[in-house]
Amino acid sequence: MPPQTRRMAFPNVVIERDTDSEESSSSSDEEQDVEEEDNNDDLEAEEEEEVENGDTVEEVKVEVSAAKKREKAPITISLKKVCKVCKRTGHEAGFKGATYIDCPMKPCFLCKTPGHTTMTCPHRIATEYGVIPAPRRHTHNSLDYVFERQLRPNIPAIKPAFVIPDQVNCAVIRYHSRRVTCLEFHPTRNNILLSGDKKGQLGVWDYCKVHEKIVYGNIHGCILNNMKFNPTNDGTVYAASSDGTISCTDLETGISSSLMNLNPNGWQGPSSWRMLYGLDVNSEKGVVLVADNFGYLYLMDIRSNSQVGETILIHKKGSKVVGLHCNPVQPDLLLSCGMIILKVEYCMKIFSISLARIWDMRRLESGSSLCSLAHRRVVNSAYFSPRSGSKILTTSQDNRLRVWDSIFGNLGSPSREIVHSHDFNRHLTPFRAEWDPKDPSESLVVIGRYISENYNGAALHPIDFIDISTGKLVAEVMDPNITTISPVNKLHPRDDVLATGSSRSIFIWNPKEKSEIVQQKDEKKIVLCGKAEKKLNKKFDGESDDSDDDIRKIKGKITKSRKAEPKSSRCSLKGKR
DNA sequence: AACGTATGATCCC
DNA sequence: TGGGATCCCTACGT
């Protein structure tokens with residue numbers, strides 16, 4: 001459907017004149033300006049056409065007061081509407097209603113290729129565009145063949161594949177005072193969700209007892225970048241922060257100890273301030289691994305809380321290492337990812353390359369990585385697959401998800417690249433695609449979407465479920481009450497539950513059938529959030545003693561999928577065996 | 001409603 | 001090699 005343009009009322013401009021001298025000087029200036037603009041523009045014809053159409057460009061005549069009008073001719077200033085992106089006239093980028101119109105002078109905002117806009121980008125129409133599906137697993141011997149042919153059809157599927165949590169079950173609005181940066185489900189207690197924010201606060205929320213929530217505010221001074229539960233005691237969590245410390249916090253008491261402080265002398269300027277980003281725990285080796293913004297990796301012993309071995313430069317000196325992940329099956333393997341670390345000249349052009357690197361924990365030295373996986377922009381996250389640990393999934397700021405099917409195969413180039421909108425924006429927590437830990441095929445992945453879509457007149461940013469074996473969009477999940485972008489998402493390790501961090505709010509999603517039970521049960525508590533929240537705040541101000549801590553039960557209503565697929569098919573094993 | 005601002009990667013000189 | 005300009009679909013407060 002072609003984008004609809006709306007005729008905007010243009011403001012009248014009146015220029016007041018005080019003195020004759022000023023008048024003459026300013027008038028000549030203006031005339032010059034007009035002239036210059038006209039000369040610079042070869043869009044004159046186009047412009048006139050548009051004026052006739054009553055579209056974007058309009059001329060404003062400035063009428064001088066009647067008395068002076070006789071002496072001086074009226075001045076015509078051309079206030080052409082200018083594109084806010086490329087500053088040219090003749091078109092305008094931005095929202096027209098709930099639809100965003102791209103600047104045609106810029107490369108596609110989705111795939112970054114010039115020549116078209118997101119509106120017509122083939123990747124927007126189908127996420128699987130250009131993705132070569134993973135090859136079917138060929139049966140090699142007769143036993144395999146017999147199993148596939150005769151036994152498998154009789155074995156009931158353990159999990160009816162791809163259950164999509166698509167209904168907002170409950171939400172905490174303005175739980176945090178700054179945007180959410182990370183989420184983590186408790187490894188054993190099903191309803192406990194931890195959240196970190198930009199301020200360094202740590203939230204603990206029991207989302208089945210909606211009103212039970214805690215925020216620990218004195219653990220870190222700024223961004224809580226990553227957290228992981230202590231494998232030997234799941235009542236405590238480790239967290240890495242941009243304040244340069246690692247914390248170990250007791251969830252019951254909120255008492256926190258610091259394992260490391262990289263800035264013992266305080267603020268000495270930005271060139272020396274160290275920030276911790278990547279964090280993971282290797283329970284086999286009994287170490288907490290962290291990485292900083294200067295490219296260094298540190299290992300901390302869990303028992304002694306002291307550093308093990310040397311500090312190792314694992315990426316280019318001075319480049320931020322944003323993610324670390326230990327292989328869930330082979331504890332000797334470590335994955336790191338981060339910012340640009342080299343520049344390459346190719347075909348007379350210079351390309352920046354960011355890397356994810358695989359390391360052998362037994363031989364951790366600078367330059368000894370087993371393999372480097374190249375990306376064109378910063379790699380926000382790199383994860384081994386949760387069950388077999390043999391696949392790798394990365395999220396890069398070049399708007400692509402990359403998948404390597406086997407760490408034992410050829411790692412030279414990714415098995416698949418899926419174009420997906422998850423641009424970097426300094427005001428947003430970086431997007432990270434997360435595996436579904438429950439999917440035995442290790443192909444379902446969740447990631448928030450940056451660009452919005454017009455859903456019945458509302459610009460919403462859905463959360464995408466992608467089958468990374470085919471690149472297909474399995475489901476796009478959104479709620480009319482969530483108007484902000486949702487860069488932080490985590491799937492529950494056992495339940496069909498999705499947790500979303502969107503701006504300062506946290507949402508819990510269930511598959512439809514579950515949420516309806518909850519809705520019935522708590523009908524009186526159901527209120528709206530998002531834009532409706534403001535109104536409700538006023539209403540609730542009398543009842544609630546602390547509006548910042550309001551917990552709101554929200555009734556989710558799934559908006560029709562863009563492709564208007566029936567619900568059943570959206571949650572089926574589409575494109576799979 | 002219109003603006004200001006927080007603030008990170010990247011490009012370019 | 002380093003600092004300053006730039007940025008594009010932000011979110012929220014005044």
Side-chain angles (χ1 to χ4, degrees), chain A residues 3 8-9 11 82-88 91-114 117-119 121 124 173-174 176-181 197-199 222-223 225 242 269-273 275 277 293 315-322 337-343 349-354 375-380 396-399 420-431 448-455 458-462 478 482-488 501-505 529-531 533-534 537 547-548:
Chain A
M8 308 271 283
V82 154
C83 171
K84 65 178 180 185
V85 176
C86 70
K87 311 284 183 276
R88 295 209 211 179
H91 66 271
E92 266 189 292
F95 277 103
K96 286 268 185 285
T99 308
Y100 191 90
I101 310 298
D102 266 357
C103 169
M105 300 300 169
K106 291 277 176 174
C108 171
F109 193 63
L110 174 55
C111 72
K112 308 300 175 196
T113 312
T117 63
T118 28
M119 204 60 92
C121 180
R124 178 182 160 273
I173 316 296
R174 289 199 291 162
H176 288 276
S177 57
R178 291 287 181 270
R179 60 165 210 250
V180 173
T181 53
D197 73 13
K198 201 170 93 64
K199 221 176 166 184
C222 57
I223 314 178
N225 288 308
S242 288
S271 56
S272 64
W273 184 261
M275 301 186 258
Y277 282 83
N293 58 328
H315 283 218
K316 188 187 171 187
K317 195 171 186 175
S319 75
K320 188 195 281 181
V321 181
V322 290
C337 63
M339 269 185 53
I340 287 184
I341 46 189
L342 51 107
K343 299 218 171 191
K349 275 187 177 175
I350 295 188
F351 292 91
S352 315
I353 295 204
S354 297
H375 298 72
R376 283 196 291 278
R377 286 288 158 91
V378 177
V379 188
N380 290 343
S396 171
Q397 289 180 12
D398 65 0
N399 263 3
H420 177 263
S421 173
H422 50 256
D423 276 286
F424 170 79
N425 181 317
R426 73 190 129 160
H427 310 294
L428 301 175
T429 304
F431 289 83
R449 195 191 303 171
Y450 190 99
I451 49 173
S452 61
E453 203 72 45
N454 185 342
Y455 296 97
L460 302 175
H461 310 266
M478 83 290 289
I482 308 175
T483 53
T484 49
I485 294 175
S486 308
V488 190
S502 189
S503 187
R504 290 150 45 171
S505 309
C529 67
K531 281 189 176 166
E533 192 197 10
K534 272 189 184 165
N537 270 346
S547 66
D548 240 36

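Residue numbering restarts at 1 for every chain, and letters A, B, ... go by the order of the sequence lines.
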(request) Name all residues meeting the side-chain contact (heavy atoms from CB on, under 4.5 Å) criterion together with A/Ser319; count only those two or more places apart in sequence or in a different chain, and write none if there are none. (result) A/His315, A/Lys316, A/Met339, A/Ile341

(message) The criterion is salt bridge (Lys or Arg N to Asp or Glu O under 4.0 Å); which residues satisfy it with A/Lys84, sequence neighbours excluded?
(response) none

(request) Measure the shortest side-chain to side-chain distance between A/Lys198 and A/His176 over non-hydrogen atoms and say whether it is less than 4.5 angstrom. (result) no

(request) Treating a pair as Watson-Crick (purine N1 to pyrimidine N3 plus N6-O4 or O6-N4) or G-U wobble (N1-O2 and O6-N3) with both distances under 3.5 Å, list the stems of 3 or more consecutive pairs that involve DNA chain C. (result) B:2-6 with C:10-14, B:8-13 with C:2-7

(request) May I ask you to check whether A/Arg124 and A/Thr118 show a side-chain donor-acceptor distance below 3.5 Å? (result) no

(request) Classify the nucleic acid contact of A/Lys198 as base, sugar-phosphate or nothing, counting any heavy atom under 4.0 Å across all strands shown. (result) sugar-phosphate

(request) Rounded to the nearest angstrom, tell me the gap between atom CD1 in A/Ile173 and atom P in C/dA11. (result) 14 Å

(message) I need the minimum non-hydrogen distance between A/Gly94 and A/Tyr100, along with the two atoms involved.
(response) CA-CE1, 3.4 Å

(message) Go nucleotide by nucleotide along DNA chain B from the 5' end; which of A/Lys343 and A/Ile223 gets its closest nucleotide reached first?
(response) A/Ile223

(message) Regarding A/Asn225 and A/Ser242, do their side chains bring together a donor and an acceptor under 3.5 Å, going by distance alone?
(response) yes

(request) Grab the NZ-C1' distance between A/Lys199 and C/dC12 for me, whole Å please. (result) 14 Å

(request) Using the P atom as the reference point in each nucleotide, state the distance between C/dC8 and B/dC12 in Å, no decimals. (result) 15 Å

(message) Assess whether a salt bridge exists between A/Lys112 and A/Asp423, defined as any Lys/Arg side-chain N lying under 4.0 Å from an Asp/Glu carboxylate O.
(response) yes

(request) Please identify each residue that fulfils ring pair (Phe, Tyr, Trp, His ring centres under 6.0 Å) with A/His420, with sequence neighbours left out. (result) A/His422

(message) Is the phosphate of C/dG13 approached by A/Arg504 (side-chain N or O, under 4.0 Å from OP1 or OP2)?
(response) yes

(message) Between P on C/dT10 and NE2 on A/His461, what's the gap in Å once rounded to a whole number?
(response) 7 Å

(request) Search all heavy atoms of A/Thr117 against all heavy atoms of A/Cys103 and return the closest pair with its distance. (result) CG2-O, 4.4 Å

(request) Provide the distance between the two P atoms, one in B/dT7 and one in C/dG13, to the nearest whole Å. (result) 15 Å

(request) Please name the pair of heavy atoms, one in A/Ser502 and one in A/Ile485, separated by the smallest distance, quoted to 0.1 Å. (result) OG-O, 2.8 Å

(request) For A/Gln397 and for A/His427, find the nucleotide of DNA chain B with the closest heavy atom, then tell me which residue's nucleotide is more 5'. (result) A/His427

(request) Determine yes or no for a side-chain-to-main-chain donor-acceptor pair under 3.5 angstrom, with A/Ser354 supplying the side chain and A/Arg377 the backbone. (result) yes

Measure all distances between protein nitrogen or oxygen atoms and nitrogen or oxygen atoms of nucleotides 5-8 of chain C, and list the pairs falling under 3.5 Å.
from: C/dC7; atom 1: N4; to: A/Arg426; atom 2: NH1; distance (Å): 3.2
from: C/dC7; atom 1: N4; to: A/Arg426; atom 2: NH2; distance (Å): 3.3
from: C/dC8; atom 1: OP1; to: A/Val85; atom 2: O; distance (Å): 3.1

(request) Provide, to the nearest angstrom, the distance between the CD1 atom belonging to A/Ile485 and the C1' atom belonging to C/dT10. (result) 6 Å

(message) Of all nucleotides in DNA chain B that come within under 4.0 Å of a heavy atom of chain A, which is furthest toward the 5' end and which toward the 3' end?
(response) B/dA6 to B/dC11

(message) Please report the distance, rounded to the nearest Å, between CZ in A/Arg179 and P in C/dG13.
(response) 15 Å

(request) Could you tell me whether a side-chain N or O of A/Ser396 sits under 3.5 Å from a main-chain N or O of A/Val378, the two making a donor and an acceptor? (result) yes

(request) Report which part of the nucleic acid A/Thr118 touches: base, sugar-phosphate, or nothing (heavy-atom distance under 4.0 Å, all strands). (result) base

(message) Applying a 4.0 Å non-hydrogen cut-off, can you work out what A/Ser452 is touching in the nucleic acid: base, sugar-phosphate, or nothing?
(response) base

